[in-house]
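Please read the structure below before turning to the comments.
Naming convention: chains lettered A, B, ... in sequence-line order (proteins, then strands); numbering from 1 in each chain.
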Number of protein chains: 2
Amino acid sequence: MNDFQELIRKEEEQQQRCPHSYVLALTDTMNVISGKWKLPIIASLLRGKNRFKDLLDNIEKITPRMLSKELKELEMNSIVVREVYDQTPVLITYQLTESGKSLANLIDTMINWGLTHRSNVL
Amino acid sequence: MNDFQELIRKEEEQQQRCPHSYVLALTDTMNVISGKWKLPIIASLLRGKNRFKDLLDNIEKITPRMLSKELKELEMNSIVVREVYDQTPVLITYQLTESGKSLANLIDTMINWGLTHRSNVL
DNA sequence: GATACTAGTATACTTTTGTATAGTAAAATA
DNA sequence: TATTTTACTATACAAAAGTATACTAGTATC
């Protein structure tokens with residue numbers, strides 16, 4: 001293959017690749033939902049559990065270390081906001097942002113794919 | 001809290017939990033797409049790359065070990081079928097199943113969530 | 001005053017996931 | 001005959017992710 005053919009091939013390849021912004025968007029989404037505890041935490045928050053202890057009780061087998069770590073990551077990714085109510089005793093809540101709440105649609109799509117896949121495989 | 005109250009509380013909690021089949025479906029979906037290389041492989045297959053070498057060349061930095069390992073997992077999960085054409089030299093292709101192809105919709109949903117999230121965060 | 005609850009943190013460890021590097025067998029090409 | 005191509009496998013290792021267990025500080029309750 002000569003240089004010209006190689007150039008053509010590369011250009012064709014470029015056409016087939018999806019835009020870089022799509023790759024970034026997909027990576028962002030994966031970062032938000034991947035790991036053992038992200039989706040259980042988000043699902044619990046969608047159901048209205050919003051205190052540390054609520055989540056700890058609601059999510060089976062999660063340790064405080066993991067819950068704390070994951071909540072921090074979700075906060076950094078703007079999925080969750082941590083709010084401190086300066087009462088006595090202090091009350092701390094974790095609320096989903098708009099982006100966080102909008103994950104419900106994605107989760108639905110994932111559940112639907114999973115259900116269809118199960119019926120395909122049988 | 002007495003036993004009756006506890007019972008009521010548990011029943012309310014049950015109502016809030018999503019059906020077990022949904023949890024299974026979501027877990028299935030996560031298993032299919034999680035890991036560093038699953039989505040790049042699926043995306044390449046969607047673009048028509050179907051030989052081992054094609055994928056190896058098309059997916060930046062993947063090693064043959066990982067490609068082989070992931071393709072086997074995708075095959076076990078009925079996302080991909082490996083076909084051996086008994087020519088000489090032998091030709092082996094990896095094709096997406098219907099379930100595999102239908103991941104394109106899920107990927108689109110994920111990209112759209114990611115794009116919206118990026119614009120929300122700015 | 002002792003115990004319990006909330007909201008976590010600290011340390012050490014195990015398991016899972018991914019990487020680096022080299023090698024194989026069968027056929028095709030130079 | 002030597003090198004290249006396809007389609008992988010093998011071994012060892014490093015890094016990331018998750019677990020187990022214990023602990024803390026502040027307040028509240030018995």
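Not a single ring pair (Phe, Tyr, Trp, His ring centres under 6.0 Å) links Trp37(B) to another residue, sequence neighbours left out. Residues satisfying the side chain to side chain donor-acceptor pair (under 3.5 Å) test with Glu75(A), not counting sequence neighbours, are none.
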Under-3.5 Å N/O pairs linking protein and nucleotides 18-25 of chain C:
| from | atom 1 | to | atom 2 | distance (Å) |
| --- | --- | --- | --- | --- |
| dG18(C) | OP1 | Lys36(B) | N | 2.7 |
| dT19(C) | OP1 | Lys36(B) | NZ | 2.6 |
| dT19(C) | OP2 | Trp37(B) | NE1 | 3.0 |
| dT19(C) | O4 | Arg65(B) | NE | 3.1 |
| dT19(C) | O4 | Arg65(B) | NH1 | 3.1 |

- Message: For a quick check, with a 4.0 angstrom heavy-atom cut-off, what is the B/S/- contact string for nucleotides 24-30 of chain D, read 5' to 3'?
- Response: ---SS--
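Remark: Tyr94(B) is in phosphate contact with dC8(D), judged by side-chain N or O atoms under 4.0 Å from OP1 or OP2.
Lys38(B) pairs with exactly one of Asn31(B), Val32(B), Leu74(B), Ile79(B) by the side-chain contact (heavy atoms from CB on, under 4.5 Å) rule, that one being Leu74(B).
Listed by first and then second residue, the side-chain hydrogen bond (donor to acceptor under 3.5 Å, both in side chains) pairs that reach into residues 100-122 of chain B are Asp28(A)-Arg118(B), Ser99(A)-His117(B), Ser99(A)-Asn120(B), Ser102(A)-Trp113(B), Trp113(A)-Ser102(B), Glu98(B)-Lys101(B), sequence neighbours excluded.
Residues Phe52(B) and Ile92(B) are not in side-chain contact: their nearest non-hydrogen atoms beyond the backbone lie 4.5 Å or more apart. Side-chain contact between Leu96(B) and Val80(B): present, with at least one pair of heavy atoms (C-beta onward) separated by less than 4.5 Å.
Protein atom CG of Asp86(B) is 14 Å distant from nucleotide atom P of dA7(D), rounded to whole Å. In this structure, Tyr85(B) atom OH and dT6(D) atom P are separated by 18 Å, rounded to whole Å. Rounded to whole angstrom, the span from the CD atom of Glu73(A) across to the P atom of dA16(D) amounts to 13 Å. Taking atom NZ of residue Lys53(B) and atom C1' of nucleotide dC8(D), one finds them 13 Å apart after rounding to whole Å. Summarising the geometry, the separation between CG on Leu56(B) and P on dA7(D) is reported as 10 Å, rounded to the nearest angstrom. Whole-Å rounding puts the Ile92(A) CD1 to dC5(C) C1' distance at 13 Å. Going from atom CE of Met30(B) over to atom P of dT17(C) covers 12 Å, rounded to whole Å. Between the P atom of dT16(C) and the CG atom of Asn31(B) lies a distance of 13 Å, rounded to the nearest Å.
To the nearest 0.5 angstrom, Ile41(B) atom CD1 is 9.5 Å from Glu73(B) atom CD. With values rounded to the nearest 0.5 angstrom, Leu55(A) atom CG is found 9.0 Å from Lys49(A) atom NZ.
Membership of the apolar cluster around Leu91(B) extends to Tyr85(B), as traced through chained side-chain contacts below 4.5 Å between ILVMFWY residues.
Within 4.0 Å (heavy atoms only), Lys72(B) reaches sugar-phosphate atoms of the nucleic acid but no base atom.
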